[in-house]
Amino acid sequence: MADRLMKVNAYTTFDLIDATVTGHDFEEETFAVLNATSPRKNPDRVQLQLELDNMQEEHLPAHMEEVSLSPQEARELAADLEKHASKVERADEE
């Protein structure tokens, strides 16, 4: 991902994960960067950032998505992720 918009360093949550981009007439597997962060000074939100590898993906221009979450929303998302992680782990054990 040479043309990154996101800053990727040792603190980035996931610097290379599998992703799928889906449109009305296409679906493509690619790599992505996924990061959870908050502002260093005066943190007032949690930011969830996603950038797809535009070196492989052909349908979208270089871009990143960012969602701002309140602390409560971030906790709600974390709880939902935990619930689904447990569900997948249980299925793997069967």
Side-chain angles (χ1 to χ4, degrees):
M1 287 180 62
D3 191 24
R4 283 191 176 129
L5 299 172
M6 286 176 57
K7 182 178 180 181
V8 177
N9 58 35
Y11 301 105
T12 303
T13 308
F14 295 108
D15 60 357
L16 189 63
I17 59 172
D18 294 328
T20 303
V21 59
T22 304
H24 286 293
D25 57 351
F26 67 91
E27 181 171 298
E28 218 175 288
E29 292 182 6
T30 188
F31 294 114
V33 174
L34 179 63
N35 191 43
T37 188
S38 59
R40 286 181 186 224
K41 295 181 181 179
N42 304 317
D44 60 347
R45 66 196 178 283
V46 175
Q47 295 162 289
L48 188 60
Q49 304 165 322
L50 175 70
E51 181 179 0
L52 299 177
D53 181 358
N54 69 325
M55 302 300 285
Q56 292 183 321
E57 202 286 311
E58 300 173 0
H59 300 281
L60 301 172
H63 71 287
M64 68 175 259
E65 309 293 338
E66 183 174 271
V67 177
S68 292
L69 305 168
S70 69
Q72 178 58 35
E73 290 168 331
R75 287 186 184 94
E76 219 173 294
L77 176 59
D80 213 29
L81 289 169
E82 283 288 342
K83 178 182 79 174
H84 288 285
S86 294
K87 179 181 176 181
V88 171
E89 285 175 336
R90 284 191 305 275
D92 284 346
E93 292 170 357
E94 295 176 357

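By convention here, the first residue in the shown sequence is residue 1.
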| How does the hydrophobic cluster around V67 look, that is, which other residues are in it when side-chain heavy atoms under 4.5 Å mark a link? | F14, I17, L34, V46, L48, L50, L69, L77, L81
| Out of T12, T37, N35, which one pairs with Q49 under the side-chain hydrogen bond (donor to acceptor under 3.5 Å, both in side chains) rule? | N35
| request: Any chance you could measure S38, atom OG, to Q47, atom CD, to the nearest 0.5 Å? | output: 7.5 Å
| note | To the nearest 0.5 Å, atom CZ of R4 lies from atom CG of D15 at 6.5 Å
| Minimum heavy-atom separation for L52 to A32, with atom names? | CD2-CB, 3.8 Å
| Between P39 and D44, what is the shortest heavy-atom contact and its length? | CG-OD1, 3.9 Å
| task | Kindly state each residue pair satisfying side-chain hydrogen bond (donor to acceptor under 3.5 Å, both in side chains) with at least one member in residues 82-94, sequence neighbours excluded. | result | D80-K83
| task | Begin with the C-alpha distance, continue with both residues' side-chain angles, and end with the deciding distance and a verdict on side-chain contact (heavy atoms from CB on, under 4.5 Å) for T20 and E27. | result | CA-CA 7 Å; T20 303; E27 181 171 298; 3.5 Å; yes
